[in-house]
Amino acid sequence: MDADVIVVGAGLAGLVAAHELTGRGRRVALVEQENAANLGGQAFWSFGGLFLVDSPQQRRLGIRDSFDLAWSDWQGSAGFDRTEDEDSWAVRWARAYVEFAAGEKRSWLAGHGITFLPTVGWAERGDLTAHGHGNSVPRFHIAWGTGTGVVEPFVRHARQAERDRLLTFHHRHRVDELVVESGAARGVRGTVLADDSSPRGVASNRDRVGDFELTAQAVIVTSGGIGANHDIVRAHWPERLGTPPKEMVTGVPAHVDGRMLGISAAAGARLVNRDRMWHYTEGLRNWDPVWPGHGIRILPGPSPMWFDALGRRLPEPCLPGYDTLNTLKHLRTTEDLAGHDHSWFVLTQKIIEKEFALSGSEQNPDITAKDRGAFLRERILGKGAPGPVDAFLRKGADFVTAPTLEGLVEKMNGLTDRPLLDAAHLRRQIAARDLQLAHAYSKDAQVQGIRNARRYIGDRLGRVATPHRILDPSAGPLIGVKLHILTRKTLGGIQTDLGSRALGADGTPVEGLYAAGEVAGFGGGGVHGYNALEGTFLGGCLFSGRAAGRAAAQQTA
């Protein structure tokens with residue numbers, strides 16, 4: 001055989017699986033349709049957020065967290081309702097993952113040299129109910145080095161395994177078929193693609209120059225999700241989220257095409273929860289794109305006012321940073337919004353300077369470079385918006401500024417095919433919200449949320465602006481931001497048991513076939529259920545890739 005185990009996909013889950021295998025002396029063939037510049041896949045481009053429970057960072061900041069609280073939050077967010085079928089393994093994966101996040105995960109990451117910023121972010125604050133979706137406390141731990149830093153130790157190990165002749169890279173090899181013999185996965189067949197020296201993330205050619213076949217005792221599929229294939233996204237768009245947008249921006253490189261899902265199904269793997277997906281509502285068109293339709297997500301603080309395409313303030317819990325899919329549902333199911341694919345933030349210069357961050361390793365050069373001095377100067381002590389945010393403010397097609405609301409609305413209307421916004425209507429809504437800041441109490445859910453956030457020292461120091469009136473001229477100029485739907489993650493996929501073995505239609509494992517990462521719904525075919533708590537995507541790749549590598553190593557002992 002060509003290897004003990006073939007790993008299809010050189011993203012984070014594939015690299016972790018290869019690490020576990022080669023660390024146990026197994027020979028690995030790592031097959032990847034892109035060139036060597038793309039090692040780490042989508043994880044390389046990520047912000048590097050990881051979900052941890054009761055961490056030292058949390059405790060130092062006065063955050064009281066526990067497994068019980070995190071598991072309650074996870075169940076409330078996931079809403080598992082197919083527990084006798086499609087969610088049967090997902091529930092078990094979910095509990096195992098939360099146990100991992102509250103236990104071994106910290107020491108395991110530290111063993112690979114991965115450390116975290118001293119502050120902890122509060123992502124997905126939830127639907128404003130105790131039993132529902134959302135993080136009750138801050139749990140979003142950002143790795144020094146962002147996603148690049150999370151990927152790096154596993155790339156380094158793979159390179160060493162290559163030198164030790166335990167790992168062979170097969171770049172520009174596109175898998176078209178999983179070879180199954182007598183009911184067992186025994187290899188892959190596919191197309192050799194022409195060499196392509198494009199930089200990381202840039203769409204590469206698909207020119208065929210030959211065919212290949214590799215054989216092994218086992219195959220691990222770690223090929224990622226569907227985010228760059230808008231046709232597949234639309235085909236599986238759930239009715240509960242209304243109609244899919246006609247236009248979306250793309251939050252992942254073009255190679256995240258979903259091909260291996262159908263190929264795995266043809267080999268006997270069962271696909272579940274295809275209607276569960278995760279797309280952001282705060283997407284921007286990248287002024288300096290790398291891949292086609294390249295979108296960047298705003299990581300907003302709680303203070304911008306959010307309006308639909310017709311200028312109506314979004315209802316709670318559709319608040320910045322609170323409930324991603326509830327907001328998506330509102331924008332796509334409200335009858336008179338179905339024909340509009342955008343919404344708006346209205347905020348002040350004072351808010352953007354303190355609250356705006358952009359997701360992605362390339363949008364956070366200080367953290368990606370592990371430059372603690374630059375981080376302190378830029379984000380804590382500095383004046384003005386961080387450099388990447390300021391670049392979007394100056395160059396981004398979705399940003400407009402003006403000293404007055406009337407001037408701002410005129411510019412906002414200039415970004416749509418026809419004027420949809422009425423300045424007087426926006427002024428009434430903004431003025432009503434501003435009045436809620438004149439006293440220590442408030443009936444406005446967003447104002448309550450801002451004040452709640454500032455009780456947490458991490459938000460007060462570096463994330464949430466001092467409450468002020470949007471229409472206060474001294475806080476200006478005013479800023480309008482046109483927001484797009486940004487495709488990102490697949491929450492369903494290949495159903496697997498706790499050893500990452502791919503299951504067939506009858507619920508029994510397909511011998512020799514494993515799946516990990518996004519292609520497996522990050523474990524079990526849907527570990528997140530309907531909603532993610534953030535910081536759980538990279539972690540899901542790490543956890544499921546580790547499980548797959550260990551199980552395949554045991555099988556091939």
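Treat the numbers as computed from the prediction; the structure is a model and nothing was measured. Position 1 is the first residue of the sequence, and the numbers go up from there.
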**Prompt:** With no hydrogens and no angle check, do the side chains of Arg172 and Asn205 hold a donor and an acceptor under 3.5 Å apart?
**Reply:** yes
**Item:** Lys329, NZ: over 12 other non-hydrogen atoms inside 6.0 angstrom
**Value:** no
**Request:** Not counting sequence neighbours, which residues clear side-chain contact (heavy atoms from CB on, under 4.5 Å) with Pro238? List them please.
**Result:** Arg240, Leu241, Asp275, Met277
**Asked** Are Trp122 and Tyr322 close enough that their ring centres sit under 6.0 Å apart?
**Response** no
**Item:** Asp308 side-chain N/O to Gly311 backbone N/O, donor-acceptor pair under 3.5 Å
**Value:** yes
**Request:** State, with a plain yes or no, whether a side-chain heavy atom of Leu21 is found less than 4.5 Å away from one of Val7.
**Result:** yes
**Message:** Strictly distance-based, threshold 3.5 Å: is any side-chain N or O of Ser223 a donor or acceptor partner for the main-chain N or O of Met260?
**Reply:** no
**Prompt:** Distance from Asp196 atom CG to Ser204 atom OG, nearest 0.5 Å?
**Reply:** 5.0 Å
**Prompt:** Donor-acceptor pair, Lys105 side chain versus Phe51 backbone, under 3.5 Å?
**Reply:** yes
**Asked** Given Val481 and Leu347, is the side-chain contact (heavy atoms from CB on, under 4.5 Å) satisfied, shown in steps?
**Response** CA-CA 8 Å; Val481 187; Leu347 61 153; 3.9 Å; yes
**Message:** Aromatic contact between His112 and His157, with the criterion being ring centroids under 6.0 Å apart: yes or no?
**Reply:** no
**Asked** If you measure from OH on Tyr280 to NZ on Lys489, what distance do you get to the nearest 0.5 Å?
**Response** 8.0 Å
**Request:** Answer yes when Arg285 and Asp398 have at least one side-chain N-carboxylate O distance shorter than 4.0 Å, and no when they do not.
**Result:** yes
**Prompt:** Would you call Glu20 and Arg546 a salt bridge, taking side-chain N to carboxylate O under 4.0 Å as the test?
**Reply:** no
**Fill in**
CG of Leu271 to NE2 of His236, rounded to nearest 0.5 Å, is 8.0 Å
**Prompt:** Passes side chain to side chain donor-acceptor pair (under 3.5 Å), Asn229 versus Arg234? Steps please.
**Reply:** CA-CA 9 Å; Asn229 191 326; Arg234 291 190 177 95; over 6 Å; no
**Asked** Looking at side-chain heavy atoms only, is the closest gap between Leu284 and Ile298 below 4.5 Å?
**Response** yes
**Prompt:** Between atom NE2 of His279 and atom OG1 of Thr281, what is the distance when rounded to the nearest 0.5 Å?
**Reply:** 11.5 Å
**Message:** With side chain to side chain donor-acceptor pair (under 3.5 Å) as the criterion, how do Thr250 and His230 come out once you've worked through the C-alpha distance, each side chain's angles and the decisive distance to 0.1 Å?
**Reply:** CA-CA 8 Å; Thr250 306; His230 291 193; 2.9 Å; yes
**Request:** Start with the C-alpha gap between Leu109 and Leu50, add the side-chain angles, then the distance that decides, and say whether side-chain contact (heavy atoms from CB on, under 4.5 Å) holds.
**Result:** CA-CA 10 Å; Leu109 291 170; Leu50 288 162; 3.9 Å; yes
**Message:** Check whether Phe212 forms a cation-pi arrangement with Arg189 (NZ or CZ under 6.0 Å from the six-membered ring centre, at most 45° off the ring normal).
**Reply:** no
**Minimum heavy-atom distance Phe116-Trp144, with the two atoms named** = O-NE1, 3.1 Å
**Prompt:** When the aromatic ring centroids of Tyr530 and Trp278 are compared, is their separation below 6.0 Å?
**Reply:** no
**Message:** Show the nearest heavy-atom pair for residues Ala552 and Val5, with the distance to one decimal.
**Reply:** CB-CG2, 4.2 Å
**Request:** Could you check Thr148 against Thr368 for side chain to side chain donor-acceptor pair (under 3.5 Å), going step by step and ending with a plain yes or no?
**Result:** CA-CA 7 Å; Thr148 303; Thr368 300; 5.1 Å; no
**Request:** Report the C-alpha distance between His294 and Val249 in whole Å, list the side-chain angles of each, state the deciding distance to 0.1 Å, and finish with yes or no for side-chain contact (heavy atoms from CB on, under 4.5 Å).
**Result:** CA-CA 6 Å; His294 190 171; Val249 293; over 6 Å; no
**Prompt:** Looking at side-chain heavy atoms only, is the closest gap between Val151 and Leu538 below 4.5 Å?
**Reply:** no
**Message:** Is any side-chain heavy atom of Thr168 closer than 4.5 Å to one of Val28?
**Reply:** no
**Asked** Which atom pair, heavy atoms only, marks the closest approach of Arg488 to Ser359?
**Response** NH1-OG, 4.4 Å
**Prompt:** Considering all heavy atoms of both residues, which atom of Ala203 and which atom of Ala254 are nearest to each other, and what is their separation?
**Reply:** CB-CB, 4.0 Å
**Message:** For the backbone of Phe47 and the side chain of Thr146, can you confirm whether one donor and one acceptor N or O come within less than 3.5 Å of each other?
**Reply:** no
**Prompt:** Is it true that Arg332 and Asp341 make a salt bridge, defined as a side-chain N closer than 4.0 Å to a carboxylate O?
**Reply:** yes
**Prompt:** Just wondering, do Leu420 and Arg418 contact through their side chains at under 4.5 Å, heavy atoms?
**Reply:** yes
**Item:** Ring center gap for Phe345 and Trp306 short of 6.0 angstrom
**Value:** yes
**Asked** Is Asp176 paired with Arg208 through a side-chain N to carboxylate O contact shorter than 4.0 Å?
**Response** no
**Request:** Verify the neighbour count for atom CG of Asp195: are there more than 12 heavy atoms of other residues, nucleotides or ligands below 6.0 Å?
**Result:** no
**Complete:** When rounded to the nearest 0.5 Å, the distance separating CG of Leu478 from CD1 of Ile351 is 9.5 Å
**Request:** Check whether any side-chain N or O of Asp323 sits under 3.5 Å from a backbone N or O of Asn326 as a donor-acceptor pair, and report yes or no.
**Result:** yes
**Asked** If we only count heavy atoms from C-beta on, is the Thr416 to His342 side-chain gap below 4.5 Å?
**Response** yes
**Request:** State plainly whether the residues Arg206 and Glu34 are in salt-bridge range, i.e. N to O under 4.0 Å.
**Result:** yes
**Closest non-hydrogen atom pair between Glu124 and Leu533, with its separation** = CB-O, 4.2 Å
**Request:** I would like to know whether Asp459 and Arg125 meet salt bridge (Lys or Arg N to Asp or Glu O under 4.0 Å); could you show each step before the answer?
**Result:** CA-CA 13 Å; Asp459 275 353; Arg125 300 179 191 221; 3.0 Å; yes
**Request:** Kindly say whether Pro388 contributes a backbone atom to a donor-acceptor pair with the side chain of Gln363 at under 3.5 angstrom?
**Result:** no
**Item:** Steps toward side-chain contact (heavy atoms from CB on, under 4.5 Å) verdict (Leu178, Leu513)
**Value:** CA-CA 9 Å; Leu178 296 175; Leu513 184 61; 3.9 Å; yes
**Message:** Could you walk me through whether His170 and Glu32 satisfy the side chain to side chain donor-acceptor pair (under 3.5 Å) test, starting with their C-alpha distance in whole Å, then the side-chain angles of each, then the deciding distance to 0.1 Å, before giving a yes or no?
**Reply:** CA-CA 6 Å; His170 296 270; Glu32 170 57 55; over 6 Å; no
**Message:** Can a donor-acceptor pair be found, under 3.5 Å and without considering hydrogens, that links the side chain of Thr333 to the backbone of Gly242?
**Reply:** no
**Prompt:** So, His528 versus Phe522, ring centres under 6.0 angstrom or not?
**Reply:** yes
**Message:** Do the side chains of Glu534 and Arg297 get close enough for a salt bridge, i.e. N-O under 4.0 angstrom?
**Reply:** yes
**Request:** Enumerate the residue pairs fulfilling salt bridge (charged side-chain N to carboxylate O under 4.0 Å, His left out) with a member in residues 362-376, sequence neighbours excluded, ordered by first and then second residue.
**Result:** Asp366-Arg379
**Request:** For the pair Arg200 (side chain) and Val290 (backbone), establish whether a donor and an acceptor sit closer than 3.5 Å, ignoring hydrogens and angles.
**Result:** no
**Request:** Determine whether Pro300 and Glu355 make a side-chain contact, defined as any pair of heavy atoms from C-beta on separated by less than 4.5 Å.
**Result:** no
**Message:** Nearest 0.5 angstrom please: Arg274 CZ to Ile226 CD1, how far?
**Reply:** 6.5 Å
**Request:** Describe, in one word, how the ring planes of His171 and Phe169 are oriented to each other, choosing from parallel (under 30°), tilted (30 to 60°) and perpendicular (over 60°).
**Result:** parallel
**Request:** Over all heavy atoms of both residues, which pair between Phe392 and Leu358 is shortest? Give the atoms and the distance, please.
**Result:** CD1-CD1, 3.5 Å
